[in-house]
Amino acid sequence: METTLRVLTNVVSEAFQKCGYDKSLGNVTESNRLDLCQFQCNGAFTAAKTYRKSPILIADDIAALLKENHIFQKAEVAAPGFINLTLTDEYMLNILHKIADDVNIGIPQIESSETIVLDYGGPNIAKPLHVGHLRAAIIGESLKRLAKSMGMRVTSDAHLGDWGLQIGLVIAELEERNPLWNCFSSAFNADINTVPTLSVSMLNEIYPFASRKSKIDKLFKSKADRATFKLQNGHDGYTALWKEIMRVSISDLKENYNKLNVNFDLWYGESDSEKYINVLINKLVERGLLYKSEGAMVVDVEEETDKSSMPPVIIKKTDNTSNYATTDLATIIQRQKDFAPDKIWYVVDKRQSLHFTQVFRCARKAGLVPQKTELEHLGFGTMNGSDGKPYKTRDGGVMRLSDLLDTIINASYEKINTPWLTAEDEKKEVARRIGIAAVKFGDLVNHRLKDYIFDLDRFLSFEGKTGVYLLYTITRINSILKKVNDLKELEFNCPQIFTDAERNLIFSIILSGETFLKAIREKAPNIICENAFRLASDFSNFYHTNNIINETDELKKATWVSLCILTRKLLIKHLDVLGIEPVERM
Ligand code: ARG
C-alpha cells in the first residue's frame, strides 16, 4: 500500500495544481512542530520564487482548498507561508485499518523487481573470524532483510576469503611440520588418496604462527607464495588439503553466524572466481587496458578529477598470483553471468574504499557490467573499546568473534532473571537472543559509517534506546494478551480514539511505512532502529496511561487490545529487519 506521506503529498499536490501552481510543490513531511500540527508542506516558499508572489498568499490559496477536504481536521497557514496539516481521527483510523489488513502491514513494496547481489561477511578461511567481521555481518544481514521486506530480490553471498596468501601460509606451515603427508608427495592422487583430518583449533594456532613467521623468515614467505601459486594453478595435493581447510573453517563459520542469526544464500568464495580470471584478462587485453609495471600486470584507473593519488589496480602480482582486486573483478563477471543484477552492494569496512573505487572503475572500463548496473561500496566504521580505539582483547590482541559472542551471551545469561525458565537449554536460548539483540541494536542504531563504542552494560540495559528495551516491550504486550485471552482472537477493530497516548501511537504506526522507504533509499538500518524505538516508546506511554487489562468498557478494551496486537506485529517486523529474534517472556 502507499505510505501515508505519499497519499497526503498527492492530495496537496492536486491542490497546488488546482490553484494554478506546479504539482511538484506539494511534498508533505512529518511536522517538525508536532505541538502545532501533524504534517507540513513548505511548497509555498519554492512557489514564491517561481510565481513571484508572497508565500503566505500562495499558502492561503492551498489551505483554503484543503480545508474543504474531510480528511483534515486542520489545514492552516503559519507565517511566513507554512501549510500545517492535521488529520481527523476518522481518517487516521481509516489508514490504520488498511495497515492492519495489509499483508505487509503498511511496508511499501518496491514495484520494479530489482535484483540485488549483497556481498557481506567476507570471512577469511583459515583465519579466525574476528570482531572486524561483526559489523559486516550485522549490517549486511539487516540490509538484506530490509530490501526483502520491500519486495526486492536479494541474493546474499558470504564471499569467503579463500584464495589468497593466508591459505598458502597455512599450507606451507603444514608442509614444514608434516613433510610426509601424502598430499605433499607428487604421487598424490585425489581419486584414491585422502588428506588427514584437520580441526579448528589446529587452524587457529597455525595461521597466526605462520603469519608471524613469514614476516621474519624470507625463505618461508617465498614457500608460502609458491604454495599460493600452486594452489591457484590446480596442484592436486594442495587442492585436497585446501578442501579440508575449507570444510573445517566453513563449519566453524556457520556456527558463529548461526549464533548471530546471520544467513547467506551463497557460500561462494574468491576461489569460485578462478574460472573467470582468464575471461577477465582477455577483456582487459582486448580493450588495451592491461600493461606490465614493475613486474606486475596492472590497469590504470586514474581520473582527471581525482584529488588524491589513485594507484593502478594490480591484476597479477610479480609472482603471477591473483590479487584481492583480481578475484573481486572476476567475481563481478561471475555475478553478471549468474544473476545479471541491477545492483551489487558490498558491505565492507570503509577503510577498503580505495580498493572498491579501483575495482569499480576497472570493471566499468572493461565493460564487465552494463552502465546502469549499480556497484556500490557500503562502508562502515569501526567498533571501538571504551578507550575509543578499535576493540581489542585485554592483552591488546585482536578479539576473536567467537570469544566476543561468548562474552556477550554469558553476560546476558547472568543478567536475565527468568525463574519460570527451568529448562537450561531454553534459558540459554533466551540469553542468546537477548545478548545478540543487545549487540545488534547497539551497532545498528548508529549510522553505519560512524565508529561507535562497544558498551555491553549499556547495550544490555532494559531502559533507553536498546535492543533489550524493544524485546521487553514485546514481552509486555505478550503478557497483556495472555491476560485478555478471550479478546486476542478478535478481528482488528479500532472504531474510535479514546486518549492522546493512543493517538500518538497510531500516528507513529501510520508513519512507519515511510521510514522503510527512507531506510532503503539511504541504505541505513539505523532509521529502522529509530522507528522501532519510537513505536516502543509510544506504546509504553499508551500502556502506562491506559489500564488495558482492567478496563470495564468492553469497546475500549477491545480497541486497545487490537492496537496491542498491531503494534506487536509491527515491532516484530522491525526487529526482523534488524535480524533480531524476539523472546516470549523475559
Ligand atoms: N575478506 C575480506 C576481508 O576480510 C573482505 C571481503 C569483502 N568482500 C569483497 N568482495 N571484497 O577484509
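Here the structure is a predicted model, which means the values were calculated and not measured.
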Flag for [Y]-[X]: side-chain donor and acceptor within less than 3.5 Å:
{"X": "Tyr276", "Y": "Gln336", "result": "no"}
{"X": "Ser512", "Y": "Asn531", "result": "yes"}
{"X": "Gln334", "Y": "Ser273", "result": "no"}
{"X": "Ser211", "Y": "Lys215", "result": "yes"}
{"X": "Tyr207", "Y": "Gln166", "result": "no"}
{"X": "Ser402", "Y": "Asn256", "result": "no"}

Are [X] and [Y] ion-paired here, with the side-chain N under 4.0 Å from a carboxylate O?
{"X": "Lys389", "Y": "Asp451", "value": "no"}
{"X": "Lys465", "Y": "Glu530", "value": "yes"}
{"X": "Glu176", "Y": "Lys223", "value": "yes"}
{"X": "Lys213", "Y": "Glu173", "value": "yes"}
{"X": "Asp225", "Y": "Lys221", "value": "yes"}
{"X": "Glu374", "Y": "Lys523", "value": "yes"}
{"X": "Glu514", "Y": "Lys518", "value": "no"}

Taking all non-hydrogen atoms of both residues into account, name the closest pair between [X] and [Y] and its distance.
{"X": "Arg247", "Y": "Leu198", "answer": "NH2-O, 3.9 Å"}
{"X": "Trp163", "Y": "Ser271", "answer": "CE3-CB, 3.3 Å"}
{"X": "Ile332", "Y": "Ala363", "answer": "CD1-CB, 3.9 Å"}
{"X": "Ser461", "Y": "Thr466", "answer": "O-OG1, 2.7 Å"}
{"X": "Asn193", "Y": "Ala187", "answer": "OD1-O, 3.9 Å"}

Would you please test Arg135 and Asp349 for salt bridge (Lys or Arg N to Asp or Glu O under 4.0 Å) and show each step?
CA-CA 8 Å; Arg135 294 209 75 190; Asp349 194 315; over 6 Å; no
Output field: ring centroids [X]/[Y] closer than 6.0 Å:
{"X": "His574", "Y": "Phe516", "value": "yes"}
{"X": "His159", "Y": "Tyr268", "value": "no"}
{"X": "Tyr120", "Y": "Tyr346", "value": "no"}
{"X": "Phe533", "Y": "Tyr469", "value": "yes"}

Within-4.5 Å side-chain heavy-atom neighbours: [X] and [Y]:
{"X": "Asn261", "Y": "Lys440", "result": "yes"}
{"X": "Ile344", "Y": "Phe339", "result": "no"}
{"X": "Ile125", "Y": "Glu270", "result": "no"}
{"X": "Pro312", "Y": "Val301", "result": "no"}
{"X": "Ile315", "Y": "Val298", "result": "no"}
{"X": "Leu578", "Y": "Cys529", "result": "yes"}
{"X": "Asp328", "Y": "Phe356", "result": "yes"}
{"X": "Arg145", "Y": "Asn263", "result": "yes"}

Using the salt bridge (charged side-chain N to carboxylate O under 4.0 Å, His left out) criterion, which residues pair with Arg432? Sequence neighbours excluded.
Glu429, Glu581
Distance to the ring centre below 6.0 angstrom and angle to the axis at most 45 degrees; does that hold for Lys144 and Trp345?
no
Cation-pi check, Lys350 to Phe380: give yes when NZ or CZ is under 6.0 Å from the six-membered ring centre and within 45° of the ring axis, no otherwise.
no
With a 3.5 Å distance limit and no angle check, can you tell me whether [X] reaches the backbone of [Y] through a side-chain donor-acceptor pair?
{"X": "Asn446", "Y": "Gly442", "value": "yes"}
{"X": "Asp443", "Y": "Val439", "value": "no"}
{"X": "Gln109", "Y": "Ile107", "value": "yes"}
{"X": "Asn189", "Y": "Asp191", "value": "yes"}
{"X": "His133", "Y": "Leu401", "value": "no"}
{"X": "Trp267", "Y": "Ile250", "value": "no"}
{"X": "Ser142", "Y": "Ile138", "value": "no"}
{"X": "Asp236", "Y": "Ala190", "value": "no"}
{"X": "Asp272", "Y": "Gly269", "value": "yes"}
{"X": "Asp306", "Y": "Glu302", "value": "no"}

Residue Asp387 excluded, over 12 heavy atoms near CG under 6.0 Å
yes
Give, for atom [atom1] of [X] and atom [atom2] of [Y], the distance between the pair rounded to the nearest 0.5 Å.
{"X": "Ser214", "Y": "Leu169", "atom1": "OG", "atom2": "CG", "value": "5.0 Å"}
{"X": "Leu160", "Y": "Met246", "atom1": "CG", "atom2": "CE", "value": "5.5 Å"}
{"X": "Thr327", "Y": "Gln232", "atom1": "OG1", "atom2": "CD", "value": "8.5 Å"}

In terms of ring plane angle, is the pair Trp181 and Phe184 parallel, tilted or perpendicular, where the classes change at 30° and 60°?
parallel
Please work out whether the ring planes of Phe459 and Tyr452 are parallel, tilted or perpendicular, with thresholds of 30° and 60°.
tilted
Among Arg364, Arg361, Lys365, find the residue that satisfies the salt bridge (charged side-chain N to carboxylate O under 4.0 Å, His left out) test when tested with Glu303.
Arg361
What side-chain donor-acceptor pairs closer than 3.5 Å can you find for residues 288-296, not counting sequence neighbours?
| unit_1 | atom_1 | unit_2 | atom_2 | d |
| --- | --- | --- | --- | --- |
| Tyr291 | OH | Asp300 | OD1 | 2.8 |
| Tyr291 | OH | Asp300 | OD2 | 3.3 |

Test side-chain contact (heavy atoms from CB on, under 4.5 Å) on Thr194 and Glu244 and set out the steps.
CA-CA 10 Å; Thr194 50; Glu244 174 60 11; over 6 Å; no
Should Tyr257 and Glu141 be marked as a side chain to side chain donor-acceptor pair (under 3.5 Å) after you check the CA-CA gap, both sets of side-chain angles, and the distance that decides it?
CA-CA 10 Å; Tyr257 283 129; Glu141 180 71 18; over 6 Å; no
Selection residues 311-322 - residue pairs positive for side chain to side chain donor-acceptor pair (under 3.5 Å), sequence neighbours left out
Lys316-Ser322, Asp319-Thr321
Can you name the one residue among Val577, Val154, Ile116 that meets side chain to side chain contact (heavy atoms under 4.5 Å, CB included) with Lys148?
Val154
Could you walk me through whether Glu114 and Arg153 pass the salt bridge (Lys or Arg N to Asp or Glu O under 4.0 Å) check?
CA-CA 6 Å; Glu114 289 197 318; Arg153 278 181 299 180; over 6 Å; no
